[in-house]
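This report refers to the structure that appears directly beneath it.
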Amino acid sequence: MKLVIAVVQDKDSNRLSNALIKDGFRATKLASTGGFLKAGNTTFIIGIEDERVPEVLNVIRNNCKTREQLVTPVSPMGGTSDSYIPFPVEVQVGGAAVFVMPVERFEHY
Ligand code: 2BA
């Protein structure tokens, strides 16, 4: 068994959730916050048999879009802050950051 942890953008979470249910995957959704953007995102935890991992990765890939997001750095990347004028930089977010981990034991009562 594997545990798939997928961090996705909030905008994709309902679509992904519906697609997982439709294809018979069990999942838990957690509200989370990205460390870099400090903005809300959604973390899915999905317990899955080893042989279905490629299938669940496909569902995640097909339901999570890459988006550009503007972020204004709070401090200069280097040098002094005296003459620092913050201006927004564009970062590419997602589709999804996915971790696949082995599960030693799963109990369900
Ligand atoms: P955030 O940490 O808010 O990051 C949002 C996006 O900002 C990232 O998109 C990436 O494009 C950029 N970014 C993050 N850290 C950066 C840095 N130190 N320098 C420059 N740009 C940076 P994604 O890579 O698609 O990540 C989306 C969200 O997935 C992240 O939100 C975080 O919540 C999660 N995530 C990504 N990689 C992770 C990892 N290795 N461990 C834990 N969570 C991760």
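Side chains included, hydrogens not; waters and symmetry mates left out as well; all remaining heavy atoms used.
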- In the single-linkage hydrophobic clustering (I, L, V, M, F, W, Y; side-chain heavy atoms under 4.5 Å), do F99 and I45 co-cluster? yes
- Query: Nearest 0.5 Å, what's the CG-CG distance between N63 and N18?
  - Reply: 9.0 Å
- Item | Hphob cluster co-occupancy, M101 + V98, side-chain heavy atoms under 4.5 angstrom | no
- Hphob cluster co-occupancy, F87 + L70, side-chain heavy atoms under 4.5 angstrom: no
- Item | E68: partners by side chain to side chain contact (heavy atoms under 4.5 Å, CB included), with sequence neighbours left out | E90, Q92
- Shortest non-hydrogen pair, S32 vs T43, comes out as OG-OG1, 2.8 Å
- Would you confirm whether T66, through its side chain, and G95, through its main-chain N or O, come within 3.5 Å as a donor-acceptor pair? yes
Distance-only criterion, 3.5 Å: show the donor-acceptor pairs between side-chain atoms of residues 2-12 and protein atoms not counting sequence neighbours.
residue	atom	partner	partner atom	Å
K2	NZ	D50	OD2	3.2
Q9	OE1	R67	NH1	3.3
Q9	NE2	K65	O	2.9
Q9	NE2	V93	O	3.2
D10	OD1	T42	N	3.4
D10	OD1	T42	OG1	2.7
D12	OD1	R15	NH2	3.0
D12	OD1	R67	NH2	2.9
D12	OD2	K65	N	3.1
D12	OD2	R67	NH1	3.1

- Which residues, ordered by chain and number, are linked to I21 in its hydrophobic cluster, where ILVMFWY side chains connect at heavy-atom gaps below 4.5 Å, directly or through other members? none
- Who pairs with P102 by side chain to side chain contact (heavy atoms under 4.5 Å, CB included), at least two apart in sequence or on another chain? none
- Query: Who pairs with S17 by side-chain hydrogen bond (donor to acceptor under 3.5 Å, both in side chains), at least two apart in sequence or on another chain?
  - Reply: none
Can I get a per-line list of side-chain donor-acceptor pairs under 3.5 Å for residues 55-62, giving both atom names and the distance, sequence neighbours left out?
residue	atom	partner	partner atom	Å
E55	OE1	R52	NE	3.2
E55	OE2	R52	NH2	3.0
N58	OD1	R61	NH1	2.7
N62	ND2	N58	O	3.2

- Any link between F106 and I46 through a network of hydrophobic side chains (Ile, Leu, Val, Met, Phe, Trp, Tyr) touching at under 4.5 Å? no
- Query: If Ile, Leu, Val, Met, Phe, Trp and Tyr residues are connected whenever their side-chain heavy atoms lie under 4.5 Å apart, and connections chain through other members, are V100 and V103 in the same group?
  - Reply: no
- Query: Nearest 0.5 Å, what's the CG-CZ distance between L16 and F44?
  - Reply: 4.0 Å
- Message: Just to verify, what does E51 make a side chain to side chain contact (heavy atoms under 4.5 Å, CB included) with, not counting sequence neighbours?
- Response: E49
- Message: Enumerate the salt bridge (charged side-chain N to carboxylate O under 4.0 Å, His left out) contacts for residues 28-44, please, sequence neighbours excluded, ordered by first and then second residue.
- Response: none
- How would you list all residue pairs meeting salt bridge (charged side-chain N to carboxylate O under 4.0 Å, His left out) that involve residues 93-105, not counting sequence neighbours? R105-E107
